[in-house]
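All chains are named by letter (A, B, ...) in the order of the sequence lines, taking the proteins before the strands, and each is independently numbered beginning at 1.
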2 protein chains.
Amino acid sequence: MLKISELSEQTGLSAHTLRYYEKHGLVNASNRSEAGYRFYTDSDVRRVQFVKTARNTGFSLADIGQLLSIRVDKRSHSCQDVTDITRKKLVEVNTKLAELQSMQQTLELLLESCCGGSENATHCSIMEALDAGLSREGKKEARLIK
Amino acid sequence: MLKISELSEQTGLSAHTLRYYEKHGLVNASNRSEAGYRFYTDSDVRRVQFVKTARNTGFSLADIGQLLSIRVDKRSHSCQDVTDITRKKLVEVNTKLAELQSMQQTLELLLESCCGGSENATHCSIMEALDAGLSREGKKEARLIK
DNA sequence: TATAAGCTTAGAGCTGACTCCAAGGTCAAT
DNA sequence: ATTGACCTTGGAGTCAGCTCTAAGCTTATA
């Protein structure tokens, strides 16, 4: 039986966060002392670690709520229930990934196009490109957005 | 001279958002009618479009504030000032990109490992992998996390 | 002139995932 | 018995970037 600070240490999640998860229905302490102190069992620890792993994988707390309810009663759920949640997440991740990749490319082209020197920015090609809505090239090559 | 709704139409930003930007010091209407209605000049329109382009490129409103103050007085700023902001943003984007790519890979492996069928989730390999902290493989290949 | 559409403001609400605070109770060690 | 570390709770604050509301004025059209 672990106290909240011990669970915090074991999982790397703060006690604040653990209480927050409890408030949101993700992880309860199986036991409480007479004074109300939370005490966590091994099973609780595993549940918290499941939550942490799922968070690292990108699932929202709402997703994780669903995954947890599958986890406690696997017989009443299908693999498809699980893949549905996972696939939905993958789509979200891919969408964000595409946005970020586009930003990355733009930023790299902007940096390539600019001297970055200490002379004044009167003719800075980054400023020019942003002014032109990125529609023009970086002065030499016609690649931005296009 | 455009009214706010006209500027909204031209830029694709809502009137709400335009007022929000003004409140945060990014874009002022150069003129006001007697009744206080905002009127935007061509120069204002260009400024708003600059902001929009910078937003699309991933810059925060705070970054854009800096870029705008460079824009209005290019002589007092260097190309390096501009590349500093841009490079900082690129680093942030690359960091997020790495996180998302790791999530993407994990999600794809999870999906590969699971049948996704209508049978119950008792032996679902996604659930098993999340339970094991992704430290184990997808039943067949040893690739998750590793 | 009446109506509807559009404008103004300050300020509140939203999202998600924490993060912190105050006020007070508990526990272990000295 | 006292100190200090730890625990409890409800509720507020944080971040970014909007998004919306309410109450009231203005403007264009019929």
Practice problem: Measure distances between side-chain N and O atoms of Tyr20(A) and base N and O atoms of dG16(C), and say whether any donor-acceptor pair falls under 3.5 Å. | Solution: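 Checked by distance alone, the answer is no.
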Measure the distance from [atom1] on [X] to [atom2] on [N] and round it to the nearest whole Å.
X: Ile4(B); N: dT26(D); atom1: CD1; atom2: P; result: 17 Å
X: Lys23(A); N: dC20(C); atom1: NZ; atom2: P; result: 14 Å
X: Leu18(A); N: dT8(D); atom1: CG; atom2: P; result: 10 Å
X: His24(A); N: dT19(C); atom1: NE2; atom2: P; result: 13 Å
X: Lys52(A); N: dC18(C); atom1: NZ; atom2: P; result: 11 Å
X: Tyr40(B); N: dG6(C); atom1: OH; atom2: P; result: 16 Å
X: Leu13(A); N: dC20(C); atom1: CG; atom2: P; result: 14 Å
X: Lys89(B); N: dA16(D); atom1: NZ; atom2: C1'; result: 11 Å

Under 4.0 Å: is that the gap between some side-chain N or O of [X] and OP1 or OP2 of [N]?
X: Arg55(A); N: dC18(C); value: yes
X: Ser33(B); N: dT26(D); value: no
X: Arg32(B); N: dT9(C); value: yes
X: Ser5(B); N: dC7(C); value: yes
X: Arg38(A); N: dT26(C); value: no

Nucleotide of [options] approaching [X] most closely (side-chain heavy atoms):
X: His16(B); options: dC7(C), dC20(C), dT19(D); value: dT19(D)
X: Ser60(B); options: dC18(C), dC27(C), dG17(D); value: dG17(D)
X: Lys3(B); options: dT19(C), dG25(C), dC7(C); value: dC7(C)
X: Ala35(A); options: dT26(C), dT8(C), dA17(C); value: dT26(C)

Exercise. Please find out if less than 6.0 Å separates the ring center of Tyr20(B) from that of His24(B).
Key: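 Yes, they do, as the ring centres are separated by less than 6.0 Å.
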Exercise. Give Tyr21(A) one of three labels, base, sugar-phosphate or nothing, depending on what nucleic acid heavy atoms sit under 4.0 Å from its own.
Key: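 Sugar-phosphate contact only - Tyr21(A) comes under 4.0 Å of backbone atoms but never of a base.
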Quiz item: Say you draw a straight line from CZ of Arg87(B) to CG of Asn94(B); how long is it, rounded to the nearest 0.5 Å?
Solution: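 Nearest 0.5 Å value for the CZ-CG distance: 12.0 Å.
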Quiz item: Cation-pi between Arg32(A) and Phe39(A): NZ/CZ under 6.0 Å from ring centre and within 45° of the ring axis?
Solution: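 No, cation not above the ring by the 6.0 Å, 45° rule.
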Practice problem: Of all the heavy-atom pairs spanning Asp63(A) and Lys88(A), show the shortest one and how long it is. | Solution: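 Asp63(A) and Lys88(A) have their closest heavy atoms at OD1-NZ, 3.1 Å.
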Quiz prompt | Toward the 5' end of DNA chain D, by each residue's nearest nucleotide, Ala15(A) or Glu34(B) | solution =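 Its nearest nucleotide lies further toward 5', so the answer is Ala15(A).
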Self-check item: NZ (Lys74(A)) with more than 12 external heavy atoms under 6.0 Å
Solution: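 Enclosed: over 12 neighbouring heavy atoms sit under 6.0 Å from NZ of Lys74(A).
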Self-check item: Residue mapping more 5' on DNA chain C - nearest nucleotide basis, Tyr37(A) or Thr17(A)
Solution: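 By nearest-heavy-atom nucleotide position, the 5'-most residue is Thr17(A).
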Exercise. With Cys124(B) as reference, evaluate Ser113(B), Cys114(B), Cys115(B) under the side chain to side chain contact (heavy atoms under 4.5 Å, CB included) test and give the passing residue.
Key: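 Running side chain to side chain contact (heavy atoms under 4.5 Å, CB included) over Ser113(B), Cys114(B), Cys115(B) with Cys124(B) returns exactly one hit, Cys114(B).
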